[in-house]
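These numbers come from a predicted model, not from an experiment. Below, chains carry the letters A, B, ... as their sequence lines are ordered, and counting in each starts from 1.
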There are 2 protein chains.
Amino acid sequence: MSRTSYHHGALAEALVDVAVGQVRAQGSERVTLRGVAQAVGVSPSAAYNHFADKDALLTAVALRGQTELDRRIATAAATGGDDDAAAIARLRAIATAYIGFAHDDPNLFRHAFGPHLKHGSSGPHASEAYATLNATLDDLDARGLLRPGLRPGLELVVWSTVHGFAGIALDGLCDWEAGDALLDGMQRSMLTDAALAVA
Amino acid sequence: MSRTSYHHGALAEALVDVAVGQVRAQGSERVTLRGVAQAVGVSPSAAYNHFADKDALLTAVALRGQTELDRRIATAAATGGDDDAAAIARLRAIATAYIGFAHDDPNLFRHAFGPHLKHGSSGPHASEAYATLNATLDDLDARGLLRPGLRPGLELVVWSTVHGFAGIALDGLCDWEAGDALLDGMQRSMLTDAALAVA
DNA sequence: CCCATATCTTGACAGCGTTCATATCGCTCT
DNA sequence: AGAGCGATATGAACGCTGTCAAGATATGGG
């Protein structure tokens, strides 16, 4: 692959890179195949050698968003020590990371979910983040910090709550600042009184 | 206004009607101004006498969706009697109605939230449904069915949970059938043991 | 060294949102 | 009743979009 070559060399990756940037900056609805191609310095139809569709490119962008979210959550879950307070803080950190991604990168977050996921390859629960959440909740339960009988299905409740708040705040239906209060409320409903005293 | 007139008479309403139908059927992304106009039997540019933009028309559609959701929730909240079990059932019915709307009308639900809301006139908390949810939770709290200290901010937690689940199920990330388990989990985390025994 | 193949370009097409000049309707004022 | 005027609809046009077919070009294996 030469320097300034007729062939690009890694067009697919470059296209996704630029597309991610444009989705981030303008929102996925305003992103144009032609615009992405021009930004890469390539003809519009060149993209069709690597993606079947504009939709396919945007699906790749959505996958990047999912990956970024997973990365943030993994980082958040890797903090803290081994005591009860740290276990509680870990759940809080995961939830905060989820909301934080939506807050910091609203357009990419919105695009990471939605219709472009339906073609998605990997299952939902295949996500590493989902496993991390489950492990964190299991840990809390094992420590007796969760109210009795609450563990089964709790991962979906937590996920729904955090995901729903992200969407609501993203739509301007409530302030991001309400996020802390939301997580407080979530913890109050989940944890035992003793755990709340520790937190 | 004559029968088969050059003038339409109520074009704005007719356009929104058809647009709602097309959003329902095809999803808002595939709806075309020209297509809506053609379905109404009118020239594409005729719409611009009533809407500044395609976006303005879609905003009107989004508002219809919000209204429909409000209507469903109002209906759900109007059921049941005056005892504790009915109060609990009322909350459940509201949540089920919310999820049910997303399930029955996925495209309209998805469109009712999202970017087209940012131009929306009425505030979020101005919604009648939000007031209904608050009243229902107040009722539960007054009856002593809510765990102590949980009431403040609980409406946002409940809303987020239900809204988030709707979005997750809509994206195919979990089955709609999990909705019942989700609501079970939510109730278990909110209600006192005595209340759970009644429910 | 040469050719098969993958890659990129050019040019074209249909469909989109939107605008502008023009035509028509229906109401009001005299 | 008739004229005129504002609201409403039309038709043609523009630039932009995604997508495709045909041709040009570079790369890697014989």
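Near DNA chain D, meaning a heavy atom under 4.0 Å away, the residues from residues 32-40 of chain A are T32(A), L33(A), R34(A). Listed by residue number, the members of residues 11-27 of chain B with any heavy atom below 4.0 angstrom from DNA chain D are L11(B).
One atom, CG of L57(A), and another, P of dT19(D), lie 10 Å apart when rounded to the nearest Å. For the pair Y48(A) OH and dT17(D) P, the interatomic distance rounds to 12 Å; values are reported in whole Å. For the pair L58(A) CG and dT17(D) P, the computed distance is 14 Å after rounding to whole Å. Going from atom CD of E29(B) over to atom P of dC16(C) covers 15 Å, rounded to whole Å. Distance, F51(B) CZ to dT19(C) C1': 18 Å, rounded to whole Å.
Residue Q26(B) qualifies as enclosed at atom CD: its count of foreign heavy atoms under 6.0 Å is above 12.
Between K54(B) and A10(A), the residue anchored closer to the 5' end of DNA chain C is A10(A), taking for each the nucleotide with the nearest heavy atom.
Relative orientation of the H163(B) and F109(B) rings is tilted, given thresholds of 30° and 60° on the angle between their planes. Relative orientation of the W176(A) and F165(A) rings is perpendicular, given thresholds of 30° and 60° on the angle between their planes. Between H116(A) and H111(A), the angle of the ring planes lies from 30° to 60°, which puts this pair in the tilted group.
Within the 3.5 Å criterion, the main-chain N or O of R34(A) finds no donor-acceptor partner in the side chain of T32(A).
Distances from the side chain of S45(B) to the nucleotides dC20(C), dA21(D), dC8(C) place dC20(C) closest. Picking from dT18(C), dG11(D), dT9(C) the nucleotide with the shortest atom distance to the side chain of D53(B) gives dT18(C).
Between R110(B) and D171(B), at least one side-chain nitrogen of the basic residue sits less than 4.0 Å from a carboxylate oxygen of the acidic one, meeting the salt-bridge criterion.
Interatomic distance, CG of L108(B) versus CZ of F101(B), reported as 4.5 Å (0.5 Å rounding).
Listed pair H50(B) / dA9(D) meets the phosphate criterion, a side-chain N or O lying under 4.0 Å from OP1 or OP2.
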What donor-acceptor contacts under 3.5 angstrom involve side-chain atoms of residues 184-195 of chain A, with partners at least two apart or in another chain?
{"unit_1": "D184(A)", "atom_1": "OD1", "unit_2": "R92(A)", "atom_2": "NH1", "d": "2.7"}
{"unit_1": "D184(A)", "atom_1": "OD1", "unit_2": "R92(A)", "atom_2": "NH2", "d": "3.0"}
{"unit_1": "R188(A)", "atom_1": "NH1", "unit_2": "G149(B)", "atom_2": "O", "d": "2.8"}
{"unit_1": "S189(A)", "atom_1": "OG", "unit_2": "M186(A)", "atom_2": "O", "d": "2.8"}
{"unit_1": "T192(A)", "atom_1": "OG1", "unit_2": "A195(A)", "atom_2": "N", "d": "3.1"}

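Scored by the salt bridge (Lys or Arg N to Asp or Glu O under 4.0 Å) test, D141(A) finds no partners at all (sequence neighbours excluded). Every residue two or more places apart in sequence or in another chain that forms a salt bridge (Lys or Arg N to Asp or Glu O under 4.0 Å) with R72(B) is listed here: E68(B), D104(B).
Taken together through direct or relayed side-chain contacts under 4.5 Å among Ile, Leu, Val, Met, Phe, Trp and Tyr, V198(A) and L137(A) form parts of separate hydrophobic clusters.
Rounded to 10°, the helix from dC1(C)-dG30(D) to dT30(C)-dA1(D) has 0° between the axis fitted to its first five pairs and the one fitted to its last five.
At a cut-off of 3.5 angstrom, counting only N and O atoms as typed in the model, there is a donor on one side and an acceptor on the other between the side-chain of N49(B) and the base of dA9(D).
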